[in-house]
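Single-structure report; data block below.
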Amino acid sequence: MSTPVQDGRWRPTLDRPALVALLLGLAGVGYRLVLTLLTLPASNSDEATFGLAALHIAAARDRPVFLYGQRYMGMLESYLAAPLIGLAGPSWPVLRLPLLALYALFLWLMYRLTRRLFSPWFAVLVVGLLALGSERVVRDQLTVVGGRPEVKPAVVAMLLIAVALAERRVRHRWLATGLFGLLAGVSLWSDWLIVPYLLVAGLLLVWAAPRDLVGWPGVLLVAGFLLGVSPMIKDNLVAPDGQDSLSVFREISTKAGTPPPWSDRLRGGLLEGVPLASGLCPMDGCARWQQWFGLLYPVLLVAAAVAAAVAYRRAAHRADRVRAVAQLALVAGATLTLLAYVRSPLAATDPLGNSRYLSVLQISLPAVLWPLWLAAVRTRRGAAGTADRPRRGGGAAARSLGGAVAVAALVALTGIALAATGRFVAEAGSLRAEERHARELADAVRGAGLREVYGDYWTCNRLIFNTGETVVCGVLDGNLTPGQNRYPAYWKRAGRADRPGYVLAVGSSAERGLRRLLGDQADAAMVTEVGGYRVYHPEAAVRPWR
């Protein structure tokens, strides 16, 4: 991809696959830039918590390690957004801009990895599929809810480093091993869901470049890892009993009661989770005709493993063996991730809400689709080579049929992903309306002169971020008792207010309870109704939990 010029220097140039991939990548980034500017997908209080943390970091008020209220989700995304938030103020597009940059980096790295391990035009196909984006896929890429947007490019970079070290293409090898360790440490702090891929990337490095793990390169590898994971180590050393990251993560990964049968977990993981995470279904679930890729996925993993093993046995050079082992690493990462997901009861009890945990499978997309690409390409070449020769029985017919099925599968996958992207674009108006109502609600609360209010979880932190903390909100549940208050300072400030307001969904159990407590004064206490919410400001504080 570089050519010499007359002055003797080498300058980069793009061959045809690289140029097509660049155009597709720019289309994917441009599509997501428009969505970012329009705040699509719509924001929520989980994302607002990261935004508020970025606000606190920018103002030097706090240095959080984990998401407020829990001890397992790292806050790297808040630190990345903090300089922009500090400069431009709280804004959803500003908060999401670093994730757009991470997506662009992921796309570029995936092209590099796919081209290195497989083939140039296959890398173009992978980039084209990753450029598409249903609501589920884009939500995982652009909303600031922790972990996945940053760990995916980190793992791909680690795999590229391991392959480059094995092929002796790295000039500063010590720095490369140190960077590998740093990326692994930061990824572990940021999101534990990436552990299967960290494991296979580490094994690939040990196999591919064992000499680079001896002496000072090995010291730099360990030092980089410890530096990256140091925020988590420091926090866990002072965490109360049962509040360390491992204990908290184990608790949320299990569910009380009888575990769902494996059949339900496999159904939720394969038939719902995989198609959703692959961008083939809308957020409300997969139709039966969209679930075929989930059934095909484990078959493709086995086929990819076989293809990599065969390539390893036939390899004549070390570089070919390295690429085959790296392909096996991608297969192993996807397999371990999928097994960890279906092992959890959440795969059966809420497959739609938890399919986001499979978004890291995008890292293994090249390995998963490679058997289909091979079948399609070999059949085409075979057909071209035998066009002028008589047929040789059923073997050629079987290969032709297999190639036709592979082509149909790739075309169907692309078409369904494109349709899911189109559906998301078509539904953008309703999502924009939801975001507009949230802003109108924030303006109404602030315009009413309220500075301390109570509301439900999905209202409070979003309201606080939309008002730039000029309004704070204490979280109540449906029984008007304290709910999930991630940042205790807001609850304490609302508790000190003489006349706090209430922002409650129309007809919710919390609103009905408040109206019962207010009695005849309920209508007089209501300030306004906007976007499906009613704002109340009683003459005296109403705190039944006290």
Side-chain angles (χ1 to χ4, degrees), residues 1-4 9-15 17-18 21 105-127 152-184 187 197-222 224-225 304-334 363-370 373-374:
M1 295 176 63
S2 299
T3 55
R9 292 178 299 173
W10 286 76
R11 293 179 182 174
T13 186
L14 297 178
D15 57 17
L105 177 62
F106 174 64
L107 210 59
W108 177 66
L109 291 173
M110 282 294 290
Y111 173 77
R112 293 286 305 274
L113 181 69
T114 307
R115 182 167 179 139
R116 173 65 58 182
L117 300 185
F118 301 98
S119 72
W121 282 111
F122 180 60
V124 173
L125 172 67
V126 170
V127 169
K152 290 190 292 185
V155 167
V156 178
M158 291 167 62
L159 294 172
L160 281 168
I161 289 172
V163 172
L165 286 171
E167 295 178 350
R168 300 291 172 182
R169 292 185 291 104
V170 180
R171 178 180 300 178
H172 304 290
R173 304 177 68 82
W174 291 18
L175 293 180
T177 56
L179 177 59
F180 187 100
L182 179 64
L183 292 172
S187 298
Y197 280 98
L198 296 182
L199 176 63
V200 297
L203 291 175
L204 175 63
L205 179 67
V206 171
W207 178 88
R211 295 180 182 178
D212 290 298
L213 306 182
V214 179
W216 282 108
V219 172
L220 286 176
L221 176 72
V222 175
F225 176 79
V306 171
V310 170
Y312 182 85
R313 291 191 61 182
R314 294 177 177 176
H317 305 285
R318 175 172 172 77
D320 296 330
R321 291 195 295 272
V322 169
R323 286 193 286 270
V325 174
Q327 293 172 20
L328 283 173
L330 290 175
V331 173
I363 297 171
S364 295
L365 183 64
V368 172
L369 298 185
W370 182 237
W373 180 269
L374 278 180

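Residues Val124 and Pro17 come closest through the heavy atom pair CG2-O, 3.2 Å. What you find for Ala367 and Ala304 is that their closest heavy atoms are O-CB, 3.2 Å. Taking every heavy atom of both residues into account, Leu165 and Arg173 meet most closely at O-NH2, 2.9 Å. Pairing each heavy atom of Leu183 with each of Ala154, the nearest pair is CD1-O, 3.9 Å. Closest non-hydrogen pair, Leu198 versus Ala184, comes out as CD1-O, 3.8 Å. Heavy atoms only, all atoms of each residue included: Pro366 and Phe122 are closest at O-CZ, 3.1 Å.
The backbone N or O of Leu330 sits less than 3.5 Å from a side-chain atom of Ser364, completing a donor-acceptor pair.
Interatomic distance, Leu113 CG to Arg323 CZ, rounded to the nearest 0.5 Å: 11.5 Å. The CG atom of Leu175 sits 8.5 Å away from the CG atom of Leu179 when rounded to the nearest 0.5 Å. With values rounded to the nearest 0.5 angstrom, Ile161 atom CD1 is found 9.0 Å from Leu205 atom CG. Between atom OG1 of residue Thr177 and atom CG of residue Leu182 there is a gap of 11.5 Å, rounded to the nearest 0.5 Å. Atoms CG and CG, on Leu374 and Leu369 in that order, are 11.0 Å from each other to the nearest 0.5 Å. Separation of atoms CG (Leu220) and CG (Leu213) is listed at 11.5 Å; rounding is to 0.5 Å.
Legend: residues meeting side-chain contact (heavy atoms from CB on, under 4.5 Å) with Arg116, ordered by chain and number and at least two apart, are Val163, Glu167, Arg169. Take Phe225 and apply the ring-ring contact (aromatic ring centres under 6.0 Å, His included) test, not counting sequence neighbours, and it matches no residue.
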Walk me through whether Trp207 and Val322 qualify under side chain to side chain contact (heavy atoms under 4.5 Å, CB included). CA-CA 9 Å; Trp207 178 88; Val322 169; 3.9 Å; yes
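Counting heavy atoms from C-beta outward, Ser187 and Tyr197 have side chains that stay 4.5 Å or more apart.
Atom CH2 of Trp121 has more than 12 neighbouring heavy atoms from other residues, nucleotides or ligands inside a 6.0 Å radius.
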